[in-house]
Amino acid sequence: MSAPPVVVLVEPAGPINIGSVARLCANFSINDLRLVAPRCDHLGAEARRMAVHAQPLLERAQLYPDLAAAIADCGRVVATSGRLEPEPMPTAPAAEVLAWLQGGPEPGGRGALVFGREDHGLSNAELLQAGRILRIDSDPGYPSLNLSHAVAISLHGLAQRQAPNRPSAAGRPEPAERGALERALLDAEALLLEVGFLLPHTAQARMAKLRGLLQRAEAGNEEVALLRGMVSQLRWACRARTP
């Protein structure tokens, strides 16, 4: 991936953390900071003081109503979490996760590094929107890290992987943008409910498994478009045969 990833903070509550993260983004050549429904004044005096010379980057930070909107144009999405979740998550060692985030061979591919709330991190539904989960090794007795510290460790790990002798990535197509994948899943869910394959009370769990399958397969934009075309044709055929 030629471009650096975007950094996404979900509902950050501390202006000091936001300003510190803006400074870290500048430290590690990240020029795109995205904030999902911040719970504080992200342009206030405390945030600006902590951003220091990264205030212009802080001022350019884009605001989004939810995580799906913030990562809609990104293919490789890594979410950070210190919790083990009940849903099957595509986990791997930190080095492999960061390599995957950087590993896209196509220059147009965008990646995202997502960080959760200071008090309780990311929800299961938000974690399921990521292609990989990053867990920072810490003492099991006190695994929770300050938000800006977690960002610093993650960005430093990315920077280390940019060394000149880093192995080149395998020639795989870029994963589909998250927005396209989510639209395809919504289309598929509607059809599967219509034909009775899904039931309303089990649809969420079964669709989570399908989402996980597509993420592990790293379906590209063309493959997702093929899936949407299949769903559209199947819907037409079902309705055409209905007396």
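Everything numeric here is computed off the predicted structure, so don't read it as measured data.
Atoms SG and CD, from Cys74 and Gln129 in turn, are 11.5 Å apart once rounded to the nearest 0.5 Å. Rounded to the nearest 0.5 Å, atoms CZ (Arg132) and CG (Leu113) are 14.0 Å apart. Between the CG atom of Leu181 and the CG atom of Asn221 there is a distance of 9.5 Å, given to the nearest 0.5 Å. Taking CG of Leu33 as the reference point, atom CG of Leu9 lies at 5.5 Å (rounded to 0.5 Å). Considering CG of Leu145 and OG of Ser154, their distance stands at 9.0 Å, rounded to 0.5 Å. Note that the CG atom of Leu191 and the SG atom of Cys238 stand 6.0 Å from one another [nearest 0.5 Å].
Put simply, Leu101 and Leu214 are part of two different groups of oily side chains (I, L, V, M, F, W, Y) that touch within less than 4.5 Å, one to the next. The hydrophobic cluster containing Phe28 does not contain Ile153, counting ILVMFWY residues as joined when their side-chain heavy atoms lie under 4.5 angstrom apart, directly or transitively. In the hydrophobic clustering of ILVMFWY residues, with side-chain heavy atoms under 4.5 Å counting as a link, Leu57 and Leu24 come out together. Under the 4.5 Å side-chain heavy-atom criterion for ILVMFWY residues, no single connected hydrophobic cluster contains both Leu128 and Leu213.
Under the salt bridge (Lys or Arg N to Asp or Glu O under 4.0 Å) criterion, the residue pairs touching residues 178-187 are Arg178-Glu182, Glu182-Arg211, Asp187-Arg228, with sequence neighbours excluded. Residue pairs meeting the salt bridge (Lys or Arg N to Asp or Glu O under 4.0 Å) criterion with at least one member in residues 9-29, sequence neighbours excluded, are Glu11-Arg117. Sorted by first and then second residue, the pairs that involve residues 55-69 and meet salt bridge (Lys or Arg N to Asp or Glu O under 4.0 Å), not counting sequence neighbours, are Arg48-Glu59.
Qualifying side-chain contact (heavy atoms from CB on, under 4.5 Å) partners for His149, counting only residues two or more places apart in sequence or in other chains: Asn146. Under the side-chain contact (heavy atoms from CB on, under 4.5 Å) criterion, Ala13 pairs with Arg39, Glu118, not counting sequence neighbours. Under the side-chain contact (heavy atoms from CB on, under 4.5 Å) criterion, Leu98 pairs with Leu134, Leu158, Arg161, sequence neighbours left out. The side-chain contact (heavy atoms from CB on, under 4.5 Å) test applied to Ala79 returns Val114, Leu122, Leu127, Ala130, Ile133, not counting sequence neighbours.
In this structure, the side chain of Asp41 does not engage the main chain of Pro15 through any donor-acceptor pair within 3.5 Å.
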Just list the side-chain donor-acceptor pairs under 3.5 Å for residues 192-207, sequence neighbours left out, or say none.
from	atom 1	to	atom 2	distance (Å)
Glu194	OE1	Arg239	NH2	3.1
Glu194	OE2	Arg239	NE	3.2
Thr202	OG1	Leu199	O	3.4

Show me the donor-acceptor pairs, under 3.5 Å and distance only, between side chains in residues 136-143 and residues at least two apart or in other chains.
from	atom 1	to	atom 2	distance (Å)
Ser138	OG	Pro143	O	3.1
Asp139	OD1	Gly141	N	2.7

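Taking the side chain as every heavy atom from C-beta outward, Pro12 and Ile18 approach each other to under 4.5 Å. Within the 4.5 Å cutoff, the side chain of Ile30 has heavy atoms near those of the Pro5 side chain. The shortest distance between side-chain heavy atoms of Val7 and Leu155 falls below 4.5 Å.
Results of the side chain to side chain contact (heavy atoms under 4.5 Å, CB included) test with Arg34 over Ile71, Val6, Leu63 single out Val6 as the only residue that passes.
Grouping Ile, Leu, Val, Met, Phe, Trp and Tyr by side-chain contacts under 4.5 Å, direct or through others, puts Met50 with Ile16. In this structure, Leu226 belongs to a hydrophobic cluster whose other members, linked by side-chain heavy atoms under 4.5 Å apart, are Met230.
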Carefully, step by step, assess Arg110 and Glu177 under the rule side-chain contact (heavy atoms from CB on, under 4.5 Å). CA-CA 8 Å; Arg110 300 211 71 176; Glu177 292 181 353; over 6 Å; no
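Ala184 and Leu227 make their closest contact through CB-CD2, 4.2 Å (heavy atoms, listed as atom of the first residue, atom of the second, distance). The two residues Ala22 and Ala54 come nearest to each other via the heavy atoms O-CB, 3.5 Å. Considering all non-hydrogen atoms of both residues, Gly131 and Trp100 come closest at CA-CH2, 3.9 Å.
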